[in-house]
Amino acid sequence: QVHLAESGGGSVQAGGSLALSCVFSGVSGSRIVLAWFRQRPGEEREGVAAISNLGGSTAYSDPVKGRFTISRDNAKNMLFLQMNNVKVEDTAVYYCAADRSRALSSRPLAEDQYAFWGQGTQVTVSS
């Protein structure tokens, strides 16, 4: 069983930066792809960014492209999301997710591509 736990959420003003972390356990990092999802108030959960097992491939949703960066450190069993120039519409609960695969699928930001999920961390962006 793969376990995931997010941290780093909080409140930030629009235009600022915030860094999220996710620690994973129960599996070697080289055997899983990882991703960040978010769920905004009143909306369905959506994919934000994904990264392959060794970090060689990444994918981003259009709303965050150029502002967010996903990275990972398999030696420390960690996944990161650096959020820059945040906007009010980035306010959401952010989740990390994992699946037993080495390469990103053809739909790397689809919720059904991931079997394991963290509990989420709240990010609130104020104007």
Qualifying residues under side chain to side chain donor-acceptor pair (under 3.5 Å), relative to Ser101, sequence neighbours excluded: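 With sequence neighbours excluded, Ser101 shows a side chain to side chain donor-acceptor pair (under 3.5 Å) to no residue whatsoever.
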
Glu6: side chain to side chain donor-acceptor pair (under 3.5 Å) partners, not counting sequence neighbours: none

Are there more than 12 heavy atoms of other residues, nucleotides or ligands under 6.0 Å from atom CD of Glu89? yes

Going hydrophobic residue to hydrophobic residue with side-chain gaps under 4.5 angstrom, can you get from [X] over to [Y]?
X	Y	answer
Val48	Trp117	no
Leu4	Val93	no
Leu104	Tyr95	yes
Leu109	Tyr94	no

Partners of Asp90 by salt bridge (charged side-chain N to carboxylate O under 4.0 Å, His left out), sequence neighbours excluded?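 Partners of Asp90 by the salt bridge (charged side-chain N to carboxylate O under 4.0 Å, His left out) criterion, ordered by chain and then number, come out as Arg38, Arg67.
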
Please table the atom pairs, donor to acceptor, closer than 3.5 Å between any side-chain atom in residues 20-34 and protein atoms at least two apart or in another chain.
| from | atom 1 | to | atom 2 | distance (Å) |
| --- | --- | --- | --- | --- |
| Ser28 | OG | Ser30 | N | 3.4 |
| Ser28 | OG | Ser30 | OG | 3.1 |

Sub-4.5 Å side-chain heavy-atom contact between Phe116 and Gln1: yes

Any donor-acceptor pair under 3.5 Å from Thr91 side chain to Thr124 backbone: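 Looks like no, no N/O pair under 3.5 Å.
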
Taking Phe80's backbone N and O only, do any of them form a donor-acceptor pair with Trp36's side chain (distance below 3.5 Å, no angle check)? yes

Can you list every salt bridge (Lys or Arg N to Asp or Glu O under 4.0 Å) pair that touches [range], not counting sequence neighbours?
range	result
residues 95-105	none
residues 75-86	none
residues 112-125	Arg107-Asp112
residues 17-27	none

N/O donor-acceptor pairs under 3.5 Å from side chains in residues 55-63, not counting sequence neighbours:
| from | atom 1 | to | atom 2 | distance (Å) |
| --- | --- | --- | --- | --- |
| Tyr60 | OH | Ile70 | N | 2.9 |
| Asp62 | OD1 | Lys65 | NZ | 3.2 |

First locate atom CD1 of Ile51, then atom CZ of Arg72, and finally report the distance between them rounded to the nearest 0.5 Å. 6.0 Å

Which atoms form the tightest heavy-atom contact between Cys96 and Leu79, and what is the distance?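 In terms of heavy atoms, the two residues are closest at CB-CD2, 3.9 Å.
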
Check residues 81-88 and write down every donor-acceptor pair under 3.5 Å in which the side-chain atom is one partner and the other belongs to a residue at least two apart or another chain.
| from | atom 1 | to | atom 2 | distance (Å) |
| --- | --- | --- | --- | --- |
| Gln82 | NE2 | Asn84 | OD1 | 2.9 |
| Asn84 | OD1 | Ser17 | OG | 2.9 |

Under a 3.5 Å threshold, yes or no: a donor from one side chain and an acceptor from the other, between Gln13 and Ser126?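 Short answer, no.
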
Once ring-ring contact (aromatic ring centres under 6.0 Å, His included) is applied, do any residues pair with Tyr114, and if so which ones, sequence neighbours excluded?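 Partners of Tyr114 by the ring-ring contact (aromatic ring centres under 6.0 Å, His included) criterion, ordered by chain and then number, come out as Phe37.
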
Partners of Glu43 by side-chain contact (heavy atoms from CB on, under 4.5 Å), sequence neighbours excluded?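 With neighbours one apart ignored, the set is Arg40.
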
